[in-house]
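So the structure is just underneath, and the comments pick up after that.
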Amino acid sequence: MLDKNFDAAAAERRLYAVWEAEGRFAAAPDGGAIPYTIMIPPPNVTGTLHMGHALTMTLQDILVRWQRMQGRDALWQPGTDHAGIATQMVVERQLDGEGIRRSALGRDAFVERVWQWKAQSGGGITAQLRRLGASLDWSRERFTMDPGLSAAVREVFVRLHREGLIVRARRLVNWDPSFRSAISDLEVESREVRGHLWTIRYPVEGEVGRFLSVATTRPETMLGDTAVAVHPEDARYLDLVGRFVVLPLTGRRVPVVADAYSDPDKGTGAVKITPAHDFNDFAVGQRHGLAMPSVLDAEARIALDEIAGELRAVPGLADPAFVRGLSGQAREAARTAIVGELERLGLLEKVEPHVHQVPHAERGGAVVEPRLTVQWYCDAGRLAGPAIEAVESGRVEFVPRQWENTFFSWMREIQPWCISRQLWWGHRIPAWYGPDGHVFVAHDEAEAARLATSHYDAPVALTQDEDVLDTWFSSALWPFSTLGWPERTAELARYYPTDVLVTGFDIIFFWVARMMMMGLHLMEEVPFRQVFIHGLVRDERGQKMSKSKGNGIDPLELIDRYGADALRFTICALTGQGRDVKLGPKRVEEYRSFVTKLWNAARFCEMNEVRPVEGFQPEAAQGRLARWILDEAAGTAAEAGAALEAYRFDEYAASVYRFTWNRFCDWFLEFAKPVSNAGDTTEAAELRAATAHVLGTILRLLHPVMPFVTEALWAEFGFGPEGSLIVAAWPTAERLAGAPEVARELDWVTRFIGEIRAVRAEMNVPPSKVTPVLLRDAGPETVARAEAWAEAIGRMARVSAVSVLDGEVPAEVARGAAQAVVDEATLVLPLAGVIDLGAERTRLQKERARALEEAAKVERKLGNADFVARAKPEVVDENRERLSAFQQETARLDAALRRIG
RNA sequence: GGGCGCGUAGCUCAGCGGUAGAGCAUCGCCUUCACACGGCGGGGGUCACAGGUUCAAUCCCUGUCGCGCCCA
């Protein structure tokens with residue numbers, strides 16, 4: 001016997017353990033089934049489950065469970081990411097708390113410490129995924145720094161290096177001064193900052209009293225200026241091109257160059273050029289062969305090493321002592337000092353408030369400093385071509401399609417990818433340097449040593465590159481590294497390419513595009529056929545959830561309060577295409593009602609001895625009620641399947657919800673009540689069997705989204721042992737013969753009952769008052785139906801008897817009657833003394849006015865010769881029928897009004 | 001500045017050439033033997049605005065306004 005309430009917490013613990021123990025999540029590579037594969041977007045190994053995870057993992061689990069039920073060999077590949085910067089930061093903060101500096105600890109000890117932290121907290125996120133009900137094949141769990149995956153990383157690095165697709169180069173790079181590491185352009189976001197625009201006078205060499213004014217938002221970088229650029233067609237400065245100005249503070253002579261980069265309409269039209277600290281200036285510097293001295297160190301403090309030798313004293317312009325005093329100062333402090341000095345020298349023309357875009361590190365938020373360093377770069381430009389082609393040709397399909405534009409626009413202008421990071425936690429770059437700095441890229445030190453020995457003709461001491469790879473480098477290999485690549489494993493052959501990748505649009509560039517580039521280059525095949533891009537989770541007011549705003553919701557808390565099924569269903573129901581998901585506890589509470597409704601409907605079935613009947617054939621059912629609900633269930637299965645096929649999670653949820661609540665519970669179970677109580681008649685037995693069949697269908701249709709409550713009910717009803725629904729067959733969608741005719745009949749009954757209910761409610765007839773119904777003008781079909789469904793009509797519409805009137809309604813009845821029109825028939829409810837006749841008249845008049853208005857609308861349309869001539873014939877016919885129906889309804893309401901006088 | 005998306009009932013959203021829908025909220029009635037996390041019924045929308053295409057526009061096209069996101 002089912003408990004009064006569903007104990008979600010107990011069922012979740014018990015059932016997940018059963019599934020896992022019985023290996024229900026495990027892929028079956030040796031079976032004959034067609035594989036269905038999804039790669040989990042690996043969460044940070046030391047992370048905790050947030051709503052974003054809950055969203056994406058729920059959708060993936062729905063797909064995987066659905067396909068598994070369709071007999072596919074489902075592999076949902078689990079695993080976690082080492083998350084270089086994030087994890088290193090966490091451990092550094094822990095060390096800070098203990099008063100230990102990373103540098104004091106040393107590299108090996110530090111990395112060891114991170115491994116300890118991983119061992120200690122690494123199971124957290126996977127345990128939380130289990131709470132959500134995720135049916136991942138845990139036996140195949142991988143970690144990006146596993147030996148196998150690390151070997152894949154080294155193999156790719158070596159291979160791409162040998163192919164010239166990975167190179168080491170000294171370029172300007174985005175530098176995060178707080179992490180003291182390079183970051184990729186994707187990890188930089190520009191933020192609007194209210195700053196100042198300073199206009200500084202640079203004296204023109206050899207022309208006393210003449211100045212060239214330049215405007216800048218970053219005066220401190222002037223220590224590294226090596227030119228001033230003006231537009232080649234700017235008449236104001238033409239005579240200065242090729243001449244020199246003297247840089248204040250350092251006294252350096254710098255040329256005036258003509259370059260189209262300078263915008264004559266912006267500022268003074270002349271710009272200072274600091275090639276080592278600005279990307280645009282770097283390009284100008286390259287075009288004009290300028291020197292590129294750096295004046296900021298790894299922590300963005302003033303560093304004079306590269307300019308110390310050239311400092312000159314120029315009276316009234318440059319004082320080496322002042323500049324030397326800046327050494328080691330933070331860029332902000334140096335800015336203040338430099339502006340003060342320029343003002344003192346009378347070289348500051350003006351200061352204006354200025355709003356401008358400043359690059360910030362996405363993680364950590366430090367102001368990014370472009371810096372000239374040696375880094376490893378991956379030639380993304382060459383790898384992008386095949387990935388672009390794969391999407392163009394449809395071999396990879398984005399859903400919704402609009403994201404393909406986003407993908408194309410980035411891929412077509414992709415920049416070299418800086419893959420080295422000055423961190424300790426991650427895949428160390430497999431490059432070793434000889435005594436003269438010659439680089440040997442190899443799978444391991446022994447191979448590097450062999451290469452070096454042959455290069456130098458003698459064994460030499462090698463030192464390994466200190467840097468690690470960008471975390472996304474290993475993520476990019478995930479679809480094949482998890483399957484054993486570079487070994488040619490059976491899994492790799494079977495499960496690659498995967499079927500679909502499910503993720504948010506925020507990592508299309510970081511991850512999706514890179515997996516495609518690497519997959520196509522190394523596997524020569526796309527990593528997935530489809531990419532389903534879902535929205536982001538937002539709070540109830542539509543704001544992005546974030547730690548800093550404190551508006552985050554903990555999915556585990558929601559699971560504790562409402563159950564995993566309720567949370568999952570909420571997510572599913574709210575996941576439309578191309579829209580973010582606004583989610584709060586209230587929404588989950590709303591959908592928990594559905595879990596409860598299902599539970600109670602099942603309890604009701606159980607009380608009425610509904611049990612699955614072996615070999616039950618829907619098509620063989622005789623009763624009209626049974627055939628109706630069986631066909632509706634099949635229709636719902638068709639809808640649900642089509643919705644999932646199209647990644648319409650909202651439609652899938654809505655379709656099964658509607659059927660379960662509004663068809664099965666509200667109508668079918670109500671109709672079935674007397675029959676189910678009727679003992680052992682053939683009719684009752686068949687209806688019970690049909691009910692069981694439909695309940696089973698509902699459980700199977702809902703299992704992907706609500707795995708726990710459905711599995712619990714499945715076992716309780718004896719559809720199969722506990723833990724077997726997960727592999728039960730997805731319902732077939734075969735409609736029943738003659739179903740449309742039965743559907744019309746049931747539609748009539750529900751409308752008939754509905755009309756009576758509405759009239760009674762509107763006329764304030766107390767529920768205790770049972771009335772007869774007299775049928776006027778009813779055709780033979782209506783009469784037959786009214787007889788056939790008399791019991792249900794009586795019970796559900798509080799009607800004592802339905803009788804057919806031969807002639808007109810007796811006057812004494814008519815004067816107190818409430819009336820309603822259903823198709824050709826008029827329903828007369830004798831309620832003299834119970835209802836207010838004036839109110840009934842008003843109600844009928846309102847109905848009549850509505851029918852008349854509709855009729856007029858259709859009439860206008862049909863009166864339009866163009867419409868009749870040009871619209872599709874079936875549309876014209878449809879409108880003729882509607883007109884006739886509204887006209888008849890009006891006439892019947894007129895008659896009803898006459899009747900009550 | 002370039003691109004994308006969105007403005008439909010009080011709220012959240014679906015619909016996307018021919019009858020405007022759902023859930024929640026709201027109002028009325030109902031403690032009817034599965035469920036008050038319930039049942040029954042009602043009210044509520046010039047589908048942002050302005051043009052255009054069409055026999056017909058919430059839906060297609062153009063523009064305007066408002067909001068959001070991405071890229072520069």
| Partners passing ring-ring contact (aromatic ring centres under 6.0 Å, His included) against A:Phe886 (at least two apart in sequence or in another chain) | none
Between the protein and nucleotides 51-57 of chain B, list the N/O to N/O atom pairs that are separated by less than 3.5 angstrom.
{"from": "B:C55", "atom 1": "OP1", "to": "A:Arg870", "atom 2": "NE", "distance (Å)": "2.8"}
{"from": "B:C55", "atom 1": "OP1", "to": "A:Arg870", "atom 2": "NH1", "distance (Å)": "2.7"}
{"from": "B:C55", "atom 1": "OP1", "to": "A:Arg870", "atom 2": "NH2", "distance (Å)": "2.7"}
{"from": "B:C55", "atom 1": "O2'", "to": "A:Asn864", "atom 2": "ND2", "distance (Å)": "2.8"}

| Base B:A34 to side chain A:Glu670, donor-acceptor N/O within 3.5 Å cut-off | yes
| Name the one of A:Trp511, A:Trp403, A:Phe407 that satisfies ring pair (Phe, Tyr, Trp, His ring centres under 6.0 Å) with A:Phe505? | A:Trp403
| said: Among residues at least two apart in sequence or on other chains, which ones pass side chain to side chain donor-acceptor pair (under 3.5 Å) with A:Glu824? | reply: A:Thr782
| task | Sequence neighbours left out, what passes salt bridge (charged side-chain N to carboxylate O under 4.0 Å, His left out) with A:Asp278? Give chain and number order. | result | none
| query | Who passes salt bridge (charged side-chain N to carboxylate O under 4.0 Å, His left out) against A:Glu189, sequence neighbours left out? | reply | A:Arg191
| field | A:Arg648 vs B:G15: side-chain N/O to OP1/OP2 distance below 4.0 Å | value | yes
| Hey, does A:Cys665 reach any base, or is it just sugar-phosphate, or nothing, if we go heavy atoms under 4.0 Å? | base
Within the sub-3.5 Å range, which N or O atoms of nucleotides 20-31 of chain B have a protein N or O partner, and how far apart are they?
{"from": "B:C24", "atom 1": "O2'", "to": "A:Glu590", "atom 2": "OE2", "distance (Å)": "3.4"}

| What residues form a salt bridge (charged side-chain N to carboxylate O under 4.0 Å, His left out) with A:Arg538, not counting sequence neighbours? | A:Asp580
| field | Base-pair map of RNA chain B as dot-bracket, where | denotes pairing with a different strand and pairs are Watson-Crick or G-U under 3.5 Å | value | ((((((((.[[[[.)..(..]]]].(((((.......))))).....[[[[[..)....]]]]]))))))).
| said: Holding to ring-ring contact (aromatic ring centres under 6.0 Å, His included), I want the full list of residues that pass it with A:Phe282, two or more places apart in sequence or in another chain. | reply: none
| Is any N or O donor-acceptor pair between the side chain of A:Lys597 and the base of B:C37 shorter than 3.5 Å? | no
| message | Once ring-ring contact (aromatic ring centres under 6.0 Å, His included) is applied, do any residues pair with A:Phe532, and if so which ones, sequence neighbours excluded? | response | A:Tyr647, A:Phe649
| task | Mind jotting down which residue pairs meet the salt bridge (charged side-chain N to carboxylate O under 4.0 Å, His left out) criterion with at least one end in residues 561-572 of chain A? Sequence neighbours excluded, please. | result | A:Asp61-A:Arg568
| said: On the nucleotide B:G7, are OP1 or OP2 found under 4.0 Å from the side-chain N or O atoms that A:Arg579 carries? | reply: yes
| What string of B, S and - do you get for nucleotides 66-72 of chain B, 5' to 3', when a contact is any protein heavy atom under 4.0 Å? | -------
